[in-house]
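Encoded as structure tokens, the structure appears first; notes follow it.
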Amino acid sequence: KAGVTQTPRYLIKTRGQQVTLSCSPISGHRSVSWYQQTPGQGLQFLFEYFSETQRNKGNFPGRFSGRQFSNSRSEMNVSTLELGDSALYLCASSREDRGYNEQFFGPGTRLTVL
Amino acid sequence: AQSVTQLGSHVSVSEGALVLLRCNYSSSVPPYLFWYVQYPNQGLQLLLKYTTGATLVKGINGFEAEFKKSETSFHLTKPSAHMSDAAEYFCAVRIGAGNKLTFGGGTRVLVKP
């Protein structure tokens, strides 16, 4: 069974640009969550999508947005990039059966903003 | 709001020695607790989890953790460190519905031969 895949793995952008990152969850998984990882702030929750609806949202500005498609694939978008947006962006998926659902993480997309 | 504190951002152990990584959490309701490991240039891998039931939890690669409600702790241990244990370890808590995880700051483990 294929794991969570994220594309692209590496990305370089300049300030003011926008970027779209993609996450394909494990087959059958319906929940997708996004996290930002930086040396200064650590791992921070961005948002979670379930059945194409945002279920949870972290404390990030409106420049950060996401969506989920009917096949559970998810994208996140960052507009008007700032230097501080340089980070590893991790996506995680879970199946959403009754009870506890383990989250599986992808390898991440490393975004560098110049 | 919940929070997670990991004591020590770096830990150095000798190969074969005990690994002990500390995690304390704050939560007003019973949490789900997790330990993840991250190797360089990789995502997070789940080591073990506490949801309900037995407070001593065994995970992969010989790691285990004990949930102590009275101390609000979930420390991770491994009796004998191996070189392959060199990585960064994250403690995380999940409260309520959904899959939002709150992570501690991480502890980087160095294993000396």
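Here is the naming used below: chain letters follow the sequence lines, and residue numbers restart at 1 for every chain.
- Looking at A:L90, only its side chain comes within 4.5 Å of chain B, counting heavy atoms on both sides.
- Per-residue heavy-atom pair counts under 4.5 Å with chain A were compared for B:L101, B:T52, B:T102, and the maximum is reached by B:L101.
- The aromatic ring centres of B:Y89 and B:F63 sit less than 6.0 Å apart.
- Heavy-atom pairs under 4.5 Å with chain B were tallied for A:Q41, A:Q37, A:Q44, A:R9; the largest tally goes to A:Q37.
- Taking both residues in full, the closest heavy atoms of B:V111 and B:M83 are given as O-CE, 3.5 Å, listed atom of the first, atom of the second, then distance.
- In this structure, no portion of B:Q45 lies under 4.5 Å from any heavy atom of chain A.
- For A:Y35, the part lying under 4.5 angstrom from a heavy atom of chain B is the side chain only.
- Of all non-hydrogen atoms in A:P25 and A:S93, the two that sit nearest each other are CB-CB, 3.4 Å.
- For A:R30 and A:F50, the positive end is not near the middle of the six-membered ring at less than 6.0 Å and at most 45° from its axis.
- Chain B forms the most heavy-atom pairs under 4.5 Å with one residue out of A:G42, A:P107, A:A92, and that residue is A:P107.
- Taking the ring centroids of A:F47 and A:F45, they lie at or beyond the 6.0 Å cut-off.
- Residues B:F67 and B:Y50 place their aromatic rings such that the two centres sit under 6.0 Å apart.
- Options A:N56, A:L46, A:V4 differ in how many heavy-atom pairs under 4.5 Å they form with chain B, and the most are formed by A:N56.
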